[in-house]
Structures are given as structure tokens and as C-alpha cells.
Amino acid sequence: MTNSTLTVTRVPIDSLVVDPRNARLHDDRNLAAITASLTSFGQAEPLIVQASTRRVIGGNGRLAAMRAL
């Protein structure tokens, strides 16, 4: 099932807000792996962001790695 209301929009990463309720924590080793993947392959999957608040719903680890780069 697809949702035709979803759109891809490019925004500055500084405008995104990390979700403090995110249950998944990323240690240094995991963040290093995400950073290496982004460096090698680029961003292959978009972050899932609530449009009205710019809160990241999916991809908090990728966002942290992007900010580190």
C-alpha cells in the first residue's frame, strides 16, 4: 500500500530535531559504521520527518552521522 501524500523534500540538517523518545540508541561503533556507509554510498534512504515539527521519526542515527560528517 502506498501513500500518495508522502513527499521527498530536501531541508538543511540543522533544521531537523532529534526525537528524544527514540528508543534506539547508537553507540560510537554503530555511529562509525553508519558514517562509513554514508561516506561510501551516500544517503540511500531518506529520513522520515514529521513535516510540521521537523522531528525525525526514522533515521536518528543517520542524522547523527550526517551531522558528524
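Atoms considered below: every heavy atom in the structure, side chains included; atoms not considered: hydrogens, waters and symmetry mates.
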With sequence neighbours excluded, residues passing side-chain hydrogen bond (donor to acceptor under 3.5 Å, both in side chains) with T39: none
Is there a path of hydrophobic side-chain contacts, each under 4.5 Å between heavy atoms of I/L/V/M/F/W/Y residues, joining V18 to I13? yes
Separation of R62 CZ from L38 CG (nearest 0.5 Å): 8.0 Å
Roughly how far, to the nearest 0.5 Å, is CZ of R54 from CG of D14? 11.0 Å
Scan for salt bridge (Lys or Arg N to Asp or Glu O under 4.0 Å) pairs involving residues 22-35, sequence neighbours excluded, and state none if there are none. none
Are V11 and V49 linked, directly or through other ILVMFWY residues, by side chains that come within less than 4.5 angstrom of each other? yes
What pair of heavy atoms forms the shortest contact from T35 to A65, and how long is it? OG1-CB, 3.3 Å
Which value, rounded to the nearest 0.5 Å, describes the distance between L47 atom CG and T9 atom OG1? 12.0 Å
CG on L25 to CG on N60, rounded to 0.5 Å: 10.0 Å
For R21, what residues pass the salt bridge (Lys or Arg N to Asp or Glu O under 4.0 Å) criterion, not counting sequence neighbours? D19
Under the side-chain hydrogen bond (donor to acceptor under 3.5 Å, both in side chains) test, residues paired with R67 that sit two or more places apart: none
Apart from V17 itself, what residues make up its hydrophobic cluster when side-chain heavy atoms of I, L, V, M, F, W and Y under 4.5 Å apart count as a link, directly or indirectly? none
What pairs with Q50 under side-chain hydrogen bond (donor to acceptor under 3.5 Å, both in side chains), at least two apart in sequence or on another chain? T53, R55
In terms of hydrophobic clusters joined by side-chain contacts under 4.5 Å, are I34 and F41 together? no
